[in-house]
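Read the numbers this way: they start at 1 and go in the same order the structure lists the ligands and their atoms. Note that the structure is a prediction, hence the values are computed from the model and not measured.
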Amino acid sequence: MSVPFLNFKPQHDLLREEMFKAYQMVYDSNWYIMGKCLTNFEAEYATFNDVKHAIGVSNGLDALYLGLKALNIGEGDEVIVPSNTYIATALAVSYTGAKPVFVEPNPHTYNIDPQNILKAIGPKTKAIMPVHLYGQACEMTEIMDIAKQHGLYVVEDNAQSHGATYNGKITGSFGDVNGVSFYPGKNLGALGDAGAVTTNDPEIAERIKGLRNYGSKVKYVNEEIGHNMRLDELQAAFLSVKLKHLMSFTQQRVEVAASYNEALKNVGDLILPEVHANASHVYHLYVVRTKHRDELQKHLNNDGIGTLIHYPIPPHLQQAYAHLQLQKGDFPIAEELADTSLSIPMWPGMTTEDINAVIASIKSFF
Ligand SMILES: *Cc1c(COP(=O)(O)O)cnc(C)c1O
């Protein structure tokens with residue numbers, strides 16, 4: 001029996017009729033950019049994310065970039081990012097001309113460590129970008145306190161954690177401005193690229209509405225050098241359908257994780273995900289760690305079980321960031337995570353058979 005790393009089929013079978021209806025509605029509307037579907041989805045997502053404003057944009061990376069730009073972060077500024085994130089977090093900083101400053105995570109939760117943030121703050125620091133990695137909320141109360149004490153902005157990278165909470169408050173609602181991705185494989189995914197900015201600040205919201213649309217709020221009046229980073233009607237309509245099912249899909253992810261947690265504890269040297277006492281986890285990814293990662297991955301692959309590594313090379317060791325002149329050994333926790341982490345199958349609609357096949361293969365390896 002083979003188990004793919006990710007399978008959209010159960011979700012998409014369930015949503016088929018609603019999604020086709022959404023498609024027909026947009027098709028027949030004769031209006032494809034900046035229309036009612038976008039406005040509706042933005043209102044729905046803002047309600048879901050407990051913020052005053054959600055602004056649909058082209059993708060998660062652009063959402064983060066526009067958020068930083070709306071805070072006037074740029075050349076000469078530094079922005080604190082985790083050393084073990086997906087490179088997009090750092091790229092958003094680089095797009096503005098600012099410098100990403102990497103900070104090590106807590107080795108148990110894999111989320112940025114507030115104590116390490118304190119050590120990295122300098123005179124050029126303008127913002128902190130916590131990434132709620134794999135679906136677990138960062139220690140946001142502590143991070144917001146640090147930001148307040150040091151006069152820094154917070155920009156949450158909420159690409160992996162739709163609906164996660166810290167001390168009961170939802171991720172994407174803490175920061176001054178936050179970015180979320182609706183890449184197809186994310187917990188809330190479009191049928192193509194999509195993203196949104198979330199904020200409670202009406203001025204930031206207005207600025208981003210301009211920036212995503214050529215720097216223009218009134219047609220053919222351009223206030224600043226903007227971009228074409230809009231979310232189209234079709235994706236917005238699809239996202240409205242999927243958003244209604246997000247909580248139920250998240251619950252299914254949490255149940256798959258509970259099965260893995262139960263069956264895989266004390267198996268070999270496996271380290272299972274650890275959830276902070278004040279945080280919730282929406283299991284965008286279920287990441288295990290072992291010293292025998294490459295062999296385990298090969299074994300699972302031979303048994304027809306899909307896996308991925310999130311992420312094999314930390315940003316500071318990517319050629320793209322060679323100009324920062326960072327070396328192997330500079331961020332040992334991120335490097336250790338890159339060498340030992342393995343993501344195993346996780347999607348809503350996984351059957352007991354799927355889950356048991358993954359568990360059996362892992363157990364037979366050890
Ligand atoms: C996916 C992702 C992004 C980028 O989102 P896109 O929509 O693919 O541009 C940014 N940060 C993190 C942590 C991500 O996982």
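- Of all the atoms in ligand 1, the ones that sit under 4.0 Å from a non-hydrogen atom of G60 are 5 (O), 6 (P), 7 (O), 9 (O).
- By the 4.0 Å heavy-atom criterion, H284 is excluded from the residues contacting ligand 1.
- With respect to atom 9 (O) of ligand 1, the closest heavy atom belonging to the protein is L61 N, 2.9 Å.
- Protein heavy atom nearest atom 10 (C) of ligand 1, with residue, atom name and distance: A88 CB, 3.4 Å.
- The protein non-hydrogen atom at the shortest distance from atom 15 (O) of ligand 1 is Q160 NE2, 2.8 Å.
- Cation-pi check for K169 over F174 is met; the charged atom lies under 6.0 angstrom from the ring centroid and within 45 degrees of its normal.
- For atom 7 (O) of ligand 1, the nearest non-hydrogen atom from the set S181, S161, A92 comes from S181.
- Residue contacts with ligand 1, taken as heavy atom pairs separated by less than 4.0 Å, involve N59 via backbone and side-chain atoms alike.
- In terms of heavy atoms, L133 sits closest to T85 at CD1-CA, 4.4 Å.
- Protein heavy atom at the shortest distance from atom 11 (N) of ligand 1 is D157 OD2, 2.7 Å.
- Defined by atom type and a distance below 3.5 Å, a donor-acceptor pair is present between the side-chain atoms of S364 and H299.
- No N or O atom of D193 sits closer than 3.5 Å to an N or O atom of ligand 1.
- Qualifying side chain to side chain donor-acceptor pair (under 3.5 Å) partners for E75, counting only residues two or more places apart in sequence or in other chains: none.
- Of the protein's non-hydrogen atoms, the one nearest atom 1 (C) of ligand 1 is K186 NZ, 1.5 Å.
- With respect to K217 and E223, a salt bridge is recorded, a charged nitrogen being found less than 4.0 Å from a carboxylate O.
- Those atoms of ligand 1 that come under 4.0 Å of a heavy atom in A159, given as number and element, are 2 (C), 3 (C), 10 (C), 11 (N), 12 (C), 14 (C), 15 (O).
- Listed by chain and number, the residues in a ring pair (Phe, Tyr, Trp, His ring centres under 6.0 Å) with Y95 are Y65 (sequence neighbours excluded).
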message: Would E224 and R207 count as a salt bridge (charged side-chain N to carboxylate O under 4.0 Å, His left out) here? Give the steps.
response: CA-CA 10 Å; E224 63 177 318; R207 179 99 187 270; 2.7 Å; yes

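- Taking a cut-off of under 4.0 Å to the non-hydrogen atoms of V131, the atoms of ligand 1 that pass are 13 (C).
- With no hydrogens or angles considered, a side-chain donor-acceptor pair links S343 and H310 at under 3.5 Å.
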